[in-house]
Amino acid sequence: MLKSAEIINTVTAVFLMGIVYYVFLTPFSLVYRVVKRDRLLLKRVSGKQSYFVVRDHTYNASDMEKM
Amino acid sequence: MYVLGISAFYHDSGCSLLRDDEIVASAQEERFTRKKHDLSFPSNAMKFCLKYSGVSISELTAVVFYDKPLLKLGRLMATYCAFAPVGFNSFSLAMPVWVKEKLFLKNLILRELNKIENIDRKKVKLLFPEHHLSHAASAFYPSPFQEAAVLTIDGVGEWATASICRGKDNGISILRELDFPHSVGLLYAAFTYYCGFKVNSGEYKLMGLAPYGNSNSARYKNYVKLIEENLLDIADDGSIWLNQEYFDYTTGLRMTQNDNWQKLFGLPVRKPETELKQEYCDLALAIQHITEEIVFKMAKEAKRLTGSNNLCLAGGVALNCVANGKLLKSGLFDKAWVQPAAGDAGGALGAAYAAYYIYFNKPRSTDGTKDKMRGSLLGPEFSKLDIESIAQKYRAEYEYYENFDELCGKVADLLNSGKVVGWFQGRMEWGPRALGNRSILADARNIEMQKKLNLKIKYRESFRPFAPSVLSEDVRQYFDTDGSSPYMLFIADVAESIRNRLPDNYHDLPIKEKLYHIRSSVPAVTHLDYSARLQTVHKETNPKFWKLINSFKERTGCGVIVNTSFNVRGEPIVCTPEDAYRCFMRTEMDYLVMENFLFNKEKLPVWRDKRDRNNPATERARRKNDTSPRDNEIYPLGR
């Protein structure tokens, strides 16, 4: 009984996440890719001198307050 | 002021407690739960830290978590957006954990604190430094330096996978960071996986395997070329770009795109526990050398940006003591210091220090020589009564030595006669290395010892090397270094004067014959390339361990012994006297020393526990307790 409840629970959760992923996130991702271009730098850019992001930031108290 | 740092939910959770700038207690959760690399909330470690220091939660000025979960979630969502509709399997595994726990991390922390004692939720100050700030703080603040370049390299935190910082007085500035998915730690982990070891725990094995590769061979040279031309691009400043056509960790369930790797290297992914062929050794050597090149270039960039002569290192890649040793030897920096718990557990200590110095803006000063780690002996310790009660429980006969010097003499004689001794003293070590308080010890001169320790005591792969502990005063006599390495985080070459010559056909020999060739007068700790993962033992930080090695030296003239962690494969290092006794009885160790008690295996009752290492049920239990990902399991970037 407990096992079948767990199975139903898992199937429902996967189904709901499927809706979130394919119905909401996937169309949004198409827009995201246009706006944010290549945020993850997936495409190689020839002649790039550095892949580092410049931060030049001294940490302060307010950097630690938000989760 | 008391500040509590916590790391959890990724791998190796831990907890640290500071009293002002002094580390009172630190421990990893795995040592209490006995689940290796336990990533669950460190309730036990937290209870220990509070109890040990006699502090109640209401006395804590702040509780600090070692990263920013919401920034991490942002990175995860950006990754899914970059790949959708691909990636649903990873999404469906990762999201439930976020929805149930991580989004409500503040509540979770408060709930756990409330289990320990009733708290006023509004009075607890919760702070969240960035993941790489926690690493940088763990490397810089306890170091002996007033100013330093700080390099942190790991798998991934929120977005950053590596950072270059400048530490000065009580401040840290981040200058550069490398962002996900381009990661040195994940690159090394991908090769760890492909060579048949577990991600997040087998990296050490890959590093140990590398010297079996042949750097003169055409195959090794071809692997280096293939990796550099196809898998990655290394910029002059050490930053890297990884070609995601060859990796699967962003949204997949494996580290690598196995078909593409097989096409590239002509070599299938190695199944765990199968025979190690020379091809995998050459591949391990290729990625080790490339990693060293990247680390060196990053360090050079850190030097250029900061102008400092001191370097601090942390992050999982900083546990690559081969890269560390070569970096130190290069002379790029005058001095280098690595956080002993460089992995994620150490983030707990860094988080606490970041809050103390940055959030509360406390002044910081150092004497330029001593670090604040107290030999990294920061865990629980046990009394005479605790040990006596274990002896009673198991009806174990023992000899008690009132005089510790006498005990050291006796143990030195035992080691000299080829015995293997479990050595349990004082406070447990913080970090993954046993430094002489939870150690298994043996004679480094014994030609059979490496084989015996690997196969009969540790039950692990025969190719893996053992580390030497040497009296700090004698280090130059045995090793080609001037520096100290109290935390086993640097390798050094065995001195020319004690080396034996290699046979001409050495590189053509099978792996096993290479392994058992007698390479020096301390063969048990001399790896194939004459390197050794060195621990220098200092009288000031660990007087008992120093005394034991000195007694061994007085008898034998040799100031070096084998020191390996007091555990067996797949289990965490022992914490309590009971853990130590059980581990001792399940292996073929000859003697156990706990504080001033000496147990002789021959005089002890036969161990009735069915959980011996050859029992399949034991193996199942061990695997159940091992929370690191299996070869076919998702790499938990989404957790």
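As the structure is a computational prediction, the values presented were derived from the model and not from experiment. Chain letters run A, B, ... following the sequence lines, proteins first and then strands; every chain starts at 1.
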**Q** Once rounded to the nearest 0.5 Å, what's the spacing between atom CE of A:Met64 and atom CZ of B:Phe360?
**A**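 So the gap between those two atoms works out to 9.0 Å.
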
**Q** Using a 4.5 Å cut-off on heavy atoms from C-beta on, say whether the side chain of B:Pro181 contacts that of A:Leu42.
**A**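 Contact flag for A:Leu42/B:Pro181 side chains = yes.
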
**Q** A:Tyr59 and B:Ile358: which non-hydrogen atoms are nearest, and at how many Å?
**A**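 Minimum heavy-atom contact is O-CG2, 3.6 Å.
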
**Q** Please look at A:Arg33 and chain B and tell me whether the side chain, the backbone, both or neither of the residue comes under 4.5 angstrom of a heavy atom of that chain.
**A**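 Side chain only.
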
**Q** With chain B, which of A:Arg39, A:His57, A:Met67 has the greatest number of heavy-atom pairs at distances under 4.5 Å?
**A**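 Sorted descending by pairs with chain B, the first entry is A:Met67.
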
**Q** Select, from B:Val64, B:Leu127, B:Leu70, B:Asp233, the one with the greatest count of heavy-atom pairs under 4.5 Å involving chain A.
**A**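 Of B:Val64, B:Leu127, B:Leu70, B:Asp233, B:Asp233 has the most heavy-atom pairs under 4.5 Å with chain A.
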
**Q** For B:Glu301 and A:Phe52, which heavy atoms make the closest approach, and how far apart are they?
**A**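 Minimum heavy-atom separation between B:Glu301 and A:Phe52: CG-CE1, 4.4 Å.
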
**Q** For the pair B:Tyr80 (side chain) and A:Thr26 (backbone), establish whether a donor and an acceptor sit closer than 3.5 Å, ignoring hydrogens and angles.
**A**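 Side chain of B:Tyr80 to backbone of A:Thr26: no pair is present.
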
**Q** For A:Ser50 and B:Ala235, work out which heavy atoms get closest and say how close.
**A**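 So the two residues come closest at CA-CB, 4.0 Å.
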
**Q** Name the region of A:Val31, side chain, backbone, both or neither, that has any atom closer than 4.5 Å to a heavy atom of chain B.
**A**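 For A:Val31, no heavy atom lies under 4.5 Å from chain B.
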
**Q** Under 4.5 Å heavy-atom distance to chain B, tell me which part of A:Asp56 shows up: side chain, backbone, both or neither.
**A**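 Contact with chain B is through both the backbone and side chain of A:Asp56.
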
**Q** Does B:Trp241 reach the main-chain N or O of A:Tyr51 with its side chain, forming a donor-acceptor pair under 3.5 Å?
**A**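 The answer is no, because no donor-acceptor pair under 3.5 Å joins these two groups.
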
**Q** Might you confirm whether atom NZ of B:Lys168 has over 12 heavy atoms from other residues, nucleotides or ligands at distances under 6.0 Å?
**A**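 For B:Lys168, atom NZ is not crowded (no more than 12 foreign heavy atoms under 6.0 Å).
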
**Q** Show, in sequence, the C-alpha distance, side-chain angles and deciding distance for A:Leu25 and B:Phe91, and conclude whether the side-chain contact (heavy atoms from CB on, under 4.5 Å) test is met.
**A** CA-CA 11 Å; A:Leu25 194 137; B:Phe91 181 83; 4.2 Å; yes

**Q** So does A:Asp63 get a backbone contact from the side chain of B:Lys68, meaning a donor-acceptor N/O pair under 3.5 Å?
**A**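 Confirmed, B:Lys68 side chain pairs with A:Asp63 backbone.
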
**Q** Which of the residues B:Ala82, B:Ala78, B:Ser163 is involved in the greatest number of heavy-atom pairs with chain A at under 4.5 angstrom?
**A**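 The option with the most such pairs is B:Ala82.
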
**Q** Heavy-atom cut-off 4.5 Å, strictly under: side chain, backbone, both or neither for B:Ala354 against chain A?
**A**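 Both parts, heavy atoms under 4.5 Å.
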
**Q** Atom CD of A:Glu65 and atom CG of B:Leu126: how far apart are they, to the nearest 0.5 Å?
**A**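 The CD atom of A:Glu65 sits 11.5 Å away from the CG atom of B:Leu126.
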
**Q** Would you find more than 12 non-hydrogen atoms of other residues, nucleotides or ligands less than 6.0 Å from B:Glu228 atom CD?
**A**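 Yes, the 6.0 Å shell around CD holds more than 12 heavy atoms from other groups.
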
**Q** Before you tell me yes or no, could you show the steps for A:Val53 and B:Arg176 under side-chain contact (heavy atoms from CB on, under 4.5 Å), namely the whole-Å CA-CA distance, both residues' side-chain angles and the distance that decides it to 0.1 Å?
**A** CA-CA 6 Å; A:Val53 176; B:Arg176 300 285 184 274; over 6 Å; no

**Q** Does any heavy atom of chain A fall under 4.5 Å from the side chain of B:Lys125, the backbone, both, or neither of them?
**A**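 Answer is side chain: those atoms of B:Lys125 sit under 4.5 Å from chain A.
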
**Q** Can you label the angle between the A:Tyr22 ring and the B:Phe88 ring as parallel, tilted or perpendicular, going by 30° and 60°?
**A**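 Rings of A:Tyr22 and B:Phe88: tilted, as their planes differ by 30° to 60°.
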
**Q** At a heavy-atom separation under 4.5 Å, does B:Gln244 approach chain A through its side chain, its backbone, both, or neither?
**A**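 Contact with chain A: side chain only.
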
**Q** Are more than 12 heavy atoms from other residues, nucleotides or ligands located less than 6.0 Å from atom NZ of B:Lys297?
**A**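 More than 12 heavy atoms, drawn from other residues, nucleotides or ligands, come within 6.0 Å of this atom.
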
**Q** Got a second to check how far B:Ile172's CD1 is from A:Asn60's CG, nearest 0.5 Å?
**A**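 Reported to 0.5 Å precision, the distance equals 13.0 Å.
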
**Q** Less than 4.5 Å apart, any side-chain heavy atom of A:Arg55 and any of B:Cys165?
**A**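 No. Closest side-chain heavy atoms not under 4.5 Å.
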
**Q** For B:Leu73, is it the side chain, the backbone, both, or neither that has a heavy atom closer than 4.5 Å to a heavy atom of chain A?
**A**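 Interface part for B:Leu73: neither.
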
**Q** Where does B:Leu305 contact chain A at under 4.5 Å (heavy atoms): side chain, backbone, both or neither?
**A**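 Interface part for B:Leu305: neither.
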
**Q** Heavy-atom distance under 4.5 Å to chain A: side chain of B:Glu130, backbone, both or neither?
**A**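 Just the side chain, heavy atoms under 4.5 Å.
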
**Q** Quick one: what part of B:Phe65 sits under 4.5 Å from any heavy atom of chain A, side chain, backbone, both or neither?
**A**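 Neither the backbone nor the side chain of B:Phe65 comes within 4.5 Å of chain A.
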
**Q** One pair to check against side-chain contact (heavy atoms from CB on, under 4.5 Å): B:Asp237 and A:Gln49. What are the steps and the verdict?
**A** CA-CA 8 Å; B:Asp237 60 7; A:Gln49 301 292 309; over 6 Å; no

